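Just so it is clear, the structure is predicted and the values come from calculations on it, not from any experiment. Chain letters run A, B, ... following the sequence lines, proteins first, then strands; residues in each count from 1.
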Protein chains: 2
Amino acid sequence: MKQKITIKTIAKELGVSTSTVSKALKDSHEISTETKKKIQAYADFYNYKPNNLALQLRNQKTKVIGVILPKIVHHFFSTVIMGIEEGANEKGYNIMVCFSNESYKKEVETLKVLSNGSVDGLIVSIANETLKNKDFKHFTDLVAEEIPLVLFDRVVDEILCDKVVVDDVGAGYKATRHLLENGRKKIALITTPNHVSVGALRRQGYEKALIESYIKTDEKLIVEIDENQDIKKQIEKVFEEAIDGVFAVNEIYAANSMRIAKEKGLSIPEEISIIGFTDGLISEYSSPSITTIAQHGFTMGKQAVEVLIERIEKDAEIYSPKKIVISSDLKLRESTKPSS
Amino acid sequence: MKQKITIKTIAKELGVSTSTVSKALKDSHEISTETKKKIQAYADFYNYKPNNLALQLRNQKTKVIGVILPKIVHHFFSTVIMGIEEGANEKGYNIMVCFSNESYKKEVETLKVLSNGSVDGLIVSIANETLKNKDFKHFTDLVAEEIPLVLFDRVVDEILCDKVVVDDVGAGYKATRHLLENGRKKIALITTPNHVSVGALRRQGYEKALIESYIKTDEKLIVEIDENQDIKKQIEKVFEEAIDGVFAVNEIYAANSMRIAKEKGLSIPEEISIIGFTDGLISEYSSPSITTIAQHGFTMGKQAVEVLIERIEKDAEIYSPKKIVISSDLKLRESTKPSS
DNA sequence: AAAAGTCACGAAATCGGTTTCGTGTTAACA
DNA sequence: TGTTAACACGAAACCGATTTCGTGACTTTT
């Protein structure tokens with residue numbers, strides 16, 4: 001890279017001190033109009049821009065927010081990023097995005113790198129592996145250091161910090177209830193292993209809705225997907241039961257379910273209703289289009305970043321973690337038209 | 001945030017100088033084993049971590065790569081990010097992701113912020129608005145400052161820097177050729193306005209394939225989508241012609257086309273074949289699944305970051321911009337089963 | 001004419017590290 | 001015993017800004 005022009009260069013070249021240059025560039029009244037003109041013209045001509053690093057070091061703030069996501073090729077998470085970015089920008093912050101790829105080790109490392117002064121605060125959704133391990137020391141350390149932290153979507157109680165989540169229990173309930181109201185009786189649940197908090201919560205909602213309708217939950221109708229194996233094969237098993245409804249905790253599971261139903265010759269939504277989670281493109285463009293729980297990822301991201309920035313900018317105050325619950329709602333589409 | 005422990009703190013507390021602490025922590029031979037032990041133990045106990053900003057300022061490098069994308073809620077771009085991130089990580093870099101949201105103004109601002117020392121280099125895909133304006137001064141300025149820059153996917157000749165692109169002409173040709181080989185004669189092209197470079201190039205490929213088959217390109221079969229208006233409505237018009245094939249330059253256009261075809265009662269792929277671009281989830285999960293040109297976004301991202309880092313790390317050398325062309329290939333699916 | 005005030009600018013500290021170049025003490029060597 | 005080398009450490013410069021506190025030269029006031 002070309003040698004950048006600094007205040008020192010300008011000072012030397014114009015035979016003044018660096019303080020004079022600095023003040024002149026901020027149009028300080030301490031400096032004579034003449035000198036200011038000269039300095040500003042010079043700076044302008046050589047396209048002087050103050051070095052960010054120097055400013056950040058001096059001001060002890062970076063105006064950067066670190067974001068760590070489990071993955072990005074995923075409609076929900078990319079929507080959240082948009083929200084974070086918009087919120088951050090409005091307050092003059094930039095975001096630094098990293099990925100844990102669902103790996104505990106990478107999460108720890110990334111957290112370490114980012115928390116060394118590079119960012120003013122962090123927004124994180126916890127990696128699957130970490131949730132399984134239940135090892136949250138890297139997070140609690142962060143909290144102990146009083147680095148502003150906001151968790152979203154995948155959160156745990158062990159970490160004392162601000163959180164933004166969707167009402168997963170409520171959403172699971174709504175989805176299941178909707179199927180029941182359509183007259184469905186044997187509703188399969190395609191979910192994640194229980195250590196993924198959101199999966200467990202959505203399951204609670206599912207069970208609650210069933211109980212209310214005096215239906216016993218049947219373990220044979222519940223599939224916990226292991227993402228390291230063939231997803232479709234795992235879902236196919238539950239189709240051996242005489243199911244008439246499917247509640248999938250994400251788009252991919254829903255799309256797979258639909259495909260299987262079609263292959264089995266089941267007509268949707270006449271013979272079987274399907275409902276998904278995360279209102280992404282697949283749900284919108286598949287045919288029939290899939291009824292889903294809209295998670296409002298954008299809102300989550302924006303809320304998360306707003307809470308974080310508040311925390312960053314007035315941190316003298318006493319810490320009492322907030323938990324923001326975003327209510328999700330049902331987006332009705334073709335896959336669950338009321339059965340007659 | 002809590003006051004972080006610094007070298008100065010340690011030095012004062014242990015009654016040594018900061019230089020001694022610094023050296024001790026790097027296990028320098030200049031320091032006696034005894035002193036080193038003492039210092040290291042203290043640092044360890046208080047969980048000392050060097051301040052990144054200070055290091056970056058001193059070393060004149062940040063080990064951060066700036067990435068500016070037009071949008072993120074898009075399978076192709078999020079795949080590219082994954083590639084960039086993986087490549088960056090392998091070389092010890094982090095990435096700072098920003099979005100232009102297709103806006104010229106935001107692109108200029110973001111570029112300015114990032115190029116002030118916050119990053120060692122930049123990877124950018126140009127915003128639509130900028131392509132339309134044809135105002136690339138913010139980029140050429142960057143090049144003049146010799147800040148390492150790599151453009152990908154949406155690139156322009158006016159900017160002298162490294163580039164990574166897919167063989168768009170070839171891809172458009174392949175796609176069209178495939179339809180022709182399936183016996184299709186009236187092939188619609190659903191593309192972007194011509195100022196989007198990739199759209200124009202894919203169109204070239206389309207036209208080339210048609211010419212080779214002695215088919216005159218028919219302007220009535222070509223739709224340039226204005227994203228500010230209803231996409232489906234715009235595509236519907238071309239369906240008034242008796243088309244038997246559709247080549248869409250992205251997934252969304254392809255999915256919309258398929259939906260329209262279905263609504264018109266056309267069976268796919270018997271009566272009409274559809275082929276898309278970008279191998280995303282919609283294409284995979286729609287039914288019938290959609291044949292697409294796989295863009296290899298991950299590879300693009302990884303290549304881009306590798307070129308960039310090379311540029312960053314040995315920049316003494318003379319500048320001769322590289323252009324890397326990633327070949328794309330056809331992913332055959334149900335929407336273009338050979339017509340009998 | 002002496003005291004006070006204003007103006008325009010510079011020296012130096014600071015942010016948190018690294019690194020070069022001493023320097024005082026002790027040990028080894030001639 | 002005088003010279004030299006090794007050892008263990010500190011002072012200070014540096015990265016690129018900002019900011020406080022002087023200070024010398026004039027100007028104004030009494």
Side-chain angles (χ1 to χ4, degrees), chain A residues 1-40 42-43 46-64 113 115-120 145 147, chain B residues 1-40 42-43 46-64 113 115-120 145 147:
Chain A
M1 214 182 310
K2 210 165 166 178
Q3 190 49 41
K4 281 207 141 200
I5 182 168
T6 70
I7 277 206
K8 210 177 285 184
T9 329
I10 303 183
K12 198 179 294 173
E13 216 60 36
L14 261 46
V16 294
S17 75
T18 59
S19 12
T20 306
V21 176
S22 175
K23 287 170 194 162
L25 292 175
K26 334 202 77 163
D27 220 13
S28 158
H29 63 273
E30 281 187 52
I31 308 296
S32 71
T33 321
E34 225 182 339
T35 314
K36 276 199 282 197
K37 278 242 174 80
K38 194 175 62 177
I39 292 174
Q40 283 165 2
Y42 189 96
Y46 286 103
N47 195 24
Y48 167 79
K49 287 177 289 183
N51 181 307
N52 257 334
L53 291 177
L55 290 178
Q56 292 174 1
L57 178 59
R58 167 142 248 271
N59 300 331
Q60 296 291 74
K61 58 185 164 196
T62 62
K63 288 278 182 177
V64 174
V113 174
S115 66
N116 276 219
S118 302
V119 301
D120 291 344
E145 287 184 60
I147 293 175
Chain B
M1 214 183 306
K2 208 167 170 176
Q3 190 51 40
K4 282 206 139 201
I5 182 167
T6 70
I7 277 206
K8 210 177 284 184
T9 330
I10 303 182
K12 197 179 295 172
E13 217 60 35
L14 261 45
V16 293
S17 76
T18 59
S19 14
T20 305
V21 176
S22 174
K23 287 171 193 163
L25 292 175
K26 335 202 75 163
D27 219 13
S28 158
H29 63 272
E30 283 187 53
I31 308 298
S32 70
T33 322
E34 224 182 340
T35 315
K36 276 198 281 195
K37 279 241 173 79
K38 193 174 62 177
I39 293 174
Q40 284 164 1
Y42 189 97
Y46 286 102
N47 194 25
Y48 166 79
K49 286 177 289 181
N51 181 306
N52 257 335
L53 291 177
L55 291 179
Q56 292 174 2
L57 179 58
R58 168 140 250 269
N59 299 329
Q60 296 290 76
K61 57 185 167 197
T62 62
K63 287 278 180 176
V64 174
V113 174
S115 67
N116 277 221
S118 302
V119 300
D120 290 345
E145 287 184 60
I147 292 174

Determine: side-chain N/O of [X] to OP1/OP2 of [N], distance under 4.0 Å, yes or no.
X: B:Tyr48; N: C:dG17; result: yes
X: A:Thr20; N: C:dC9; result: no
X: B:Thr6; N: C:dG16; result: no

Send over the distance from [X] [atom1] to [N] [atom2], rounded to a whole Å.
X: B:Leu55; N: C:dG17; atom1: CG; atom2: P; result: 7 Å
X: B:Ile31; N: C:dT19; atom1: CD1; atom2: P; result: 13 Å
X: B:His29; N: D:dA8; atom1: NE2; atom2: P; result: 10 Å
X: A:Leu14; N: C:dC9; atom1: CG; atom2: C1'; result: 14 Å
X: B:Lys49; N: C:dG17; atom1: NZ; atom2: P; result: 12 Å
X: B:Leu25; N: C:dT18; atom1: CG; atom2: P; result: 8 Å
X: B:Asn59; N: C:dT19; atom1: CG; atom2: C1'; result: 11 Å
X: B:Arg58; N: C:dG17; atom1: CZ; atom2: P; result: 13 Å

Heavy atoms under 4.0 Å, any strand shown: does B:Lys26 hit a base, just sugar-phosphate, or nothing?
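Result for B:Lys26 = sugar-phosphate.
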Check every strand shown and say whether B:Gln60 touches a base, only sugar-phosphate, or nothing at a heavy-atom separation below 4.0 Å.
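Sugar-phosphate only.
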With a 4.5 Å limit on heavy-atom distance, are the side chains of B:Thr20 and B:Ile39 in contact?
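Counting from C-beta outward, B:Thr20 and B:Ile39 do come under 4.5 Å.
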Report yes if a donor N or O on one partner sits less than 3.5 Å from an acceptor N or O on the other, where the partners are the side chain of A:Lys23 and the base of C:dG10; otherwise report no.
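Flag set: donor-acceptor pair detected.
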Donor-acceptor pair under 3.5 Å, A:Ser19 side chain vs C:dA11 base
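In this structure, the two groups form a donor-acceptor pair.
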For the helix from C:dA1-D:dT30 to C:dA30-D:dT1, measure the angle between the helix axis at one end and the axis at the other, each built from five pairs, rounding to 10°.
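Inter-axis angle at the termini of the helix from C:dA1-D:dT30 to C:dA30-D:dT1: 70°.
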For residues A:Leu25 and A:Ala43, report the shortest heavy-atom separation together with the two atoms involved.
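Heavy atoms only, the tightest pair is CD2-CB, 3.7 Å.
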Might you point out which heavy atoms bring B:Gln56 and A:Ser118 nearest each other, and give the distance in Å?
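Of all heavy-atom pairs spanning B:Gln56 and A:Ser118, the closest is NE2-OG, 4.2 Å.
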Side chain of B:Asn51, backbone of B:Leu53: donor and acceptor closer than 3.5 Å?
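Looks like yes, one N/O pair under 3.5 Å.
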Main-chain N/O of A:Ile147 paired with B:Lys2 side-chain donor or acceptor, under 3.5 Å:
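Pair absent, no side-chain N/O of B:Lys2 close to backbone of A:Ile147.
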Would A:Asp120 and A:Lys63 pass as an ion pair if we require N to O under 4.0 Å?
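No, no charged N to carboxylate O under 4.0 Å.
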In terms of side-chain geometry, is the basic nitrogen of A:Lys49 or B:Glu145 positioned less than 4.0 Å from the acidic oxygen of its partner?
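Judged by the 4.0 Å cut-off on N to carboxylate O distance, A:Lys49 and B:Glu145 do form a salt bridge.
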Taking the side chain of B:Lys8 as its heavy atoms from C-beta onward, which of D:dA17, C:dC15, C:dC21 lies nearest to it?
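So the side chain of B:Lys8 is nearest to C:dC15.
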Between B:Ser19 and B:Ser22, is there a side-chain donor-acceptor contact under 3.5 Å, judged purely by atom types and distance?
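Side chains of B:Ser22 and B:Ser19: no pair found under 3.5 Å.
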5' priority, DNA chain C, between A:Ala54 and B:Ser22 [closest heavy atom]
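Its nearest nucleotide lies further toward 5', so the answer is A:Ala54.
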For A:Leu57 and for B:Lys36, find the nucleotide of DNA chain D with the closest heavy atom, then tell me which residue's nucleotide is more 5'.
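Final value for this comparison: B:Lys36.
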